[in-house]
Amino acid sequence: MKNKFNISPVLKIFFIFLINFNQLLADDVLIDAIEVDIKEKGNLIKAVGDVNITDHDNILINGNEAIYNKLTKIIEINGNVNFIDKSRNYKGKSDNVIFDRKNNIISTSKNTLINLLDNNNENTIFQLTGSYSSFNQKNKNLVVKENVILSDLLNNYKIYSNNIVYSNSEGIIKSLGDTKIDYNNEFNINTKDILFNKKNKKFYSDKKTFITDKLGNKFELSSFDFDLESKILKSKNIEFIDEQNNSLKLINAYVDLKSNEIIGSDFN
């Protein structure tokens, strides 16, 4: 009767192996899926079907399939991928996500949607769409490229560009190259190489800028300085053309978009 409750040596070894394996997986990164295939002496993990990945409880990723190389510490997830970084207020969607755990970089390709959240991870502050993105978790720098649209949900403007860089630590948005800004459906702004300071809510560009308002009035500026709070537009040189094609040129001028006034030191 004693032997009835004895565990064979083979079962003991198998049981110990399972305990150690699960412990190692939890300490490293947790991968949950319908099917998990472990290869190359445990250094390569393939997961298929309702894949859920958890990294230190801060980063959650799910998708259709994933491959994790433990030597390079790179996870590639494909198919309807959703991810969130709770500690850095960052989440997104894409067809393909590569998580470089060693260098703390999350990159996406194809059909990318990024939401930058408030400190409670509840409300979206900035929303970006594009083809490719790269987010550096160390310095919180985000780069989005190709057919990019950035929507500022607090200040009612959209930026259209092919290359946008956002530095969360500095509160700076940069659009490199040709850039279009739609401000509250009231003004269309076409310029290059703009910078937006989130702290003082100002746009800057030293490039020639063209603005059209909803009445058909046009502004040509030698540079671009726009304060969202005061709605004042400044430039060293401004040429204003109204809807009747009357022209006015000013030096060291500014435009008050609230009162529709143009003020400058010299004018023609």
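- Side-chain contact check for Ile114 versus Leu116: some heavy-atom pair is nearer than 4.5 Å.
- Other residues, nucleotides and ligands contribute only 12 or fewer heavy atoms inside 6.0 Å of the CG atom of Asn119.
- The distance from atom OG1 of Thr179 to atom CD1 of Ile194, rounded to the nearest 0.5 Å, is 5.5 Å.
- Taking both residues in full, the closest heavy atoms of Val144 and Val148 are given as O-CG2, 3.4 Å, listed atom of the first, atom of the second, then distance.
- Smallest separation of non-hydrogen atoms from Ile106 and Val97: CG2-CG1, 3.9 Å.
- The shortest distance between side-chain heavy atoms of Ile189 and Phe203 does not fall below 4.5 Å.
- A donor-acceptor pair is defined here as one N or O able to donate and one able to accept, closer than 3.5 Å; such a pair exists between the side chain of Ser205 and the backbone of Lys192.
- Put simply, the side chain of Ile45 reaches to within 4.5 Å of the side chain of Val36, judged on heavy atoms.
- No side-chain heavy atom of Ile67 sits less than 4.5 Å from a side-chain heavy atom of Ile75.
- For an aromatic pair to be called close, the ring centres must be under 6.0 Å apart, and Tyr183 with Tyr157 fails this.
- Residues Ile172 and Leu195 have side chains in contact (heavy-atom distance under 4.5 Å, counting atoms from C-beta outward).
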Could you tabulate the donor-acceptor pairs under 3.5 Å formed by side-chain atoms of residues 120-131, not counting sequence neighbours?
{"residue": "Asn121", "atom": "OD1", "partner": "Asn89", "partner atom": "ND2", "Å": "3.1"}
{"residue": "Asn121", "atom": "ND2", "partner": "Lys86", "partner atom": "O", "Å": "3.0"}
{"residue": "Asn123", "atom": "ND2", "partner": "Asp118", "partner atom": "OD2", "Å": "3.1"}
{"residue": "Gln127", "atom": "NE2", "partner": "Asn115", "partner atom": "OD1", "Å": "3.0"}
{"residue": "Ser131", "atom": "OG", "partner": "Glu146", "partner atom": "OE2", "Å": "3.2"}

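- Considering all non-hydrogen atoms of both residues, Gln137 and Arg88 come closest at O-NE, 2.9 Å.
- Without hydrogens or angle criteria, Asn96 side chain to Thr108 main chain gives no donor-acceptor distance under 3.5 Å.
- Judged by distance alone, with hydrogens and angles left aside, the side-chain atoms of Ser94 form a donor-acceptor pair with the main-chain N or O of Ser109 at under 3.5 Å.
- A single hydrophobic cluster is not seen to contain both Ile164 and Leu153; linkage of ILVMFWY side chains at heavy-atom distances under 4.5 Å, directly or through other members, places them apart.
- Neither side chain, Gln244 nor Asp242, offers a donor N or O lying under 3.5 Å from an acceptor on the other.
- Tyr204 is not connected to Tyr166 by any chain of hydrophobic side-chain contacts under 4.5 Å among Ile, Leu, Val, Met, Phe, Trp and Tyr, and they are in different clusters.
- Separating the CZ atom in Phe224 from the CD1 atom in Ile238 is a distance of 10.5 Å, to the nearest 0.5 Å.
- One finds the CG atom of Asp100 at 6.0 Å from the CD1 atom of Ile105 (value rounded to the nearest 0.5 Å).
- A continuous path of Ile, Leu, Val, Met, Phe, Trp and Tyr side chains, each step under 4.5 Å between heavy atoms, connects Leu154 with Phe226, placing both in one hydrophobic cluster.
- Looking only at distances, no side-chain donor or acceptor of Asp193 sits under 3.5 Å from a matching main-chain atom of Leu176.
- Of the possible donor and acceptor atoms, one in the side chain of Asp213 sits under 3.5 Å from a partner among the backbone N and O of Asn217.
- No side-chain N or O of Asp256 forms a donor-acceptor pair with one of Tyr254 less than 3.5 Å apart.
- The heavy-atom pair separating Glu40 from Leu44 by the smallest distance is OE2-CD2, 3.9 Å.
- Leu228 and Leu221 fall within a single hydrophobic cluster, where Ile, Leu, Val, Met, Phe, Trp and Tyr are joined by side-chain heavy atoms under 4.5 Å apart, directly or via other members.
- Note: the hydrophobic cluster containing Ile262 also contains Leu233 (ILVMFWY, side chain heavy atoms under 4.5 Å, direct or indirect links).
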Checklist entry - Are Phe187 and Leu257 close enough, and set up right, to give a side-chain contact (heavy atoms from CB on, under 4.5 Å), and what steps lead you there? => result CA-CA 10 Å; Phe187 303 95; Leu257 299 178; 3.7 Å; yes
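- Within the 4.5 Å cutoff, the side chain of Ile173 has no heavy atoms near those of the Lys198 side chain.
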Checklist entry - Stepwise, does the side-chain contact (heavy atoms from CB on, under 4.5 Å) test hold for Asn185 with Lys214? => result CA-CA 8 Å; Asn185 294 320; Lys214 61 182 180 181; over 6 Å; no
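- Although no hydrogens or angles enter the test, the distance criterion places a donor-acceptor pair under 3.5 Å between the side chain of Ser235 and the main chain of Ser223.
- Rounded to the nearest 0.5 Å, atoms OG1 (Thr191) and CD1 (Ile159) are 11.0 Å apart.
- Side-chain contact annotation: Ser134 with Asn136, donor-acceptor N/O pair under 3.5 Å absent.
- No close placement of the Phe99 and Tyr68 rings is indicated, their centers lying 6.0 Å or farther apart.
- Taking both residues in full, the closest heavy atoms of Asp95 and Val81 are given as O-CG2, 3.9 Å, listed atom of the first, atom of the second, then distance.
- Rounded to the nearest 0.5 angstrom, Phe219 CZ and Ile241 CD1 are separated by 10.5 Å.
- Looking at Thr209, its side chain does come within 3.5 Å of a backbone N or O of Lys207 through a donor-acceptor pair.
- Side-chain contact check for Asp152 versus Phe196: some heavy-atom pair is nearer than 4.5 Å.
- Between the side chain of Asn62 and the main chain of Val51, no donor-acceptor pair closer than 3.5 Å is present.
- In this structure, Ser161 contributes its side chain and Asn163 its backbone to a donor-acceptor pair below 3.5 Å.
- No donor-acceptor pair under 3.5 Å is formed between the side chain of Thr72 and the backbone N or O of Lys70.
- Taking 4.5 Å as the limit, every side-chain heavy atom of Asp85 sits out of range of all side-chain heavy atoms of Phe83.
- To the nearest 0.5 Å, atoms CG (Leu30) and NE2 (His56) are separated by 11.5 Å.
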